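It should be emphasised that the depicted structure is a prediction, and the values quoted were computed from it without experimental measurement.
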Amino acid sequence: MATASSTLLFDDIFTIDSIDAEGRKFDRVSRLRARSKNYDMEMTLDYNNELGASKSDGAGDDGEEKEQDVWRPDGKGRRGLEDDYHYVMYGKVYKFDGANTEIVTVYASFGGLLMSLTGSFRHLTSIVLGDPIYLLIRQ
C-alpha cells in the first residue's frame, strides 16, 4: 500500500497576491494569483467563488444543515483526506511548458477551472503530463 507521502506531488504555502486583478469574466469563477513561500513558485488558479468562500455565513450547528453541505453525500460517516481541507478539486495535467529550461510551467484543468504552476523544474519532477491530480487547499 502506498503511503500518503509517496503520492504527494507538490506541497507548499502560498500567499495570495491578487484575486480577479484583470476583472471577473464569469459570475461564479474567480482567478487568484499567488506566490509560494518555500519554493518561489507562482500559481494562477481559477476557482468557484461560491464554494471557495469562507464558511462565515452564520450557519448553525444543526445536523441537517451539515448533511446538506456535504460535497460527496455517499461518504456519510467515513472520513477521508478531503475532510482536512477547505477546497478540493480533481483534474488532469494537460500541458507542461519549458521542459528544456530551469523554469517550467505545469497546466492542469479541473473540469474547466484552470491552474498554472510556474517555477524550478526540480520541484515539479513528480508531476507527469496526462496524470490525474487532486488540488487540496487549506485556508
| said: Between Arg138 and His86, is the side-chain contact (heavy atoms from CB on, under 4.5 Å) condition met? List the steps. | reply: CA-CA 5 Å; Arg138 289 187 182 121; His86 178 73; 5.6 Å; no

| Are the side chains of Arg35 and Asp17 in touch, meaning some heavy atoms are under 4.5 Å apart? | yes

| query | Side chains of Val93 and Ile133: does their closest heavy-atom pair fall under 4.5 Å? | reply | yes

| task | Step by step, work out the side-chain contact (heavy atoms from CB on, under 4.5 Å) result for Leu114 and Tyr94. | result | CA-CA 10 Å; Leu114 305 177; Tyr94 71 90; 4.1 Å; yes

Mind checking what makes side-chain hydrogen bond (donor to acceptor under 3.5 Å, both in side chains) contact with [X], not counting sequence neighbours?
{"X": "Arg33", "answer": "Glu22, Thr44"}
{"X": "Ser30", "answer": "Asp20, Arg24, Asn49"}
{"X": "Glu102", "answer": "Ser120, Arg122"}
{"X": "Asp12", "answer": "Ser36, Asn38"}

| Any idea which heavy atoms bring Leu32 and Tyr47 closest together, and the distance? | CD2-CE2, 3.7 Å

| field | Shortest non-hydrogen contact between Leu129 and Lys95, atoms and distance | value | CD1-N, 3.4 Å

| said: Tell me if a side-chain donor or acceptor on Tyr85 pairs with a main-chain N or O of Leu135 at a distance below 3.5 Å. | reply: no

| said: Give me each pair satisfying ring pair (Phe, Tyr, Trp, His ring centres under 6.0 Å) with a member in residues 14-44, each pair once, sequence neighbours excluded. | reply: Phe10-Tyr39, Tyr39-His123

| message | Applying side-chain contact (heavy atoms from CB on, under 4.5 Å) to Arg31 and Ile19, what does each step give before you reach the verdict? | response | CA-CA 6 Å; Arg31 176 168 283 176; Ile19 297 177; over 6 Å; no

| Val29 vs Asn48, side-chain contact (heavy atoms from CB on, under 4.5 Å): CA-CA, chis, key distance, verdict | CA-CA 5 Å; Val29 177; Asn48 182 320; 5.8 Å; no

| Val128 and Met89: same hydrophobic cluster, using ILVMFWY side-chain contacts below 4.5 Å? | no

Name the atoms and distances for all side-chain donor-acceptor pairs under 3.5 Å in residues 105-112, with sequence neighbours left out.
from	atom 1	to	atom 2	distance (Å)
Thr105	OG1	Thr118	OG1	2.9
Ser109	OG	Gly112	N	3.3

| said: To the closest 0.5 Å, what do you measure between CG (Asp46) and OG (Ser116)? | reply: 9.0 Å

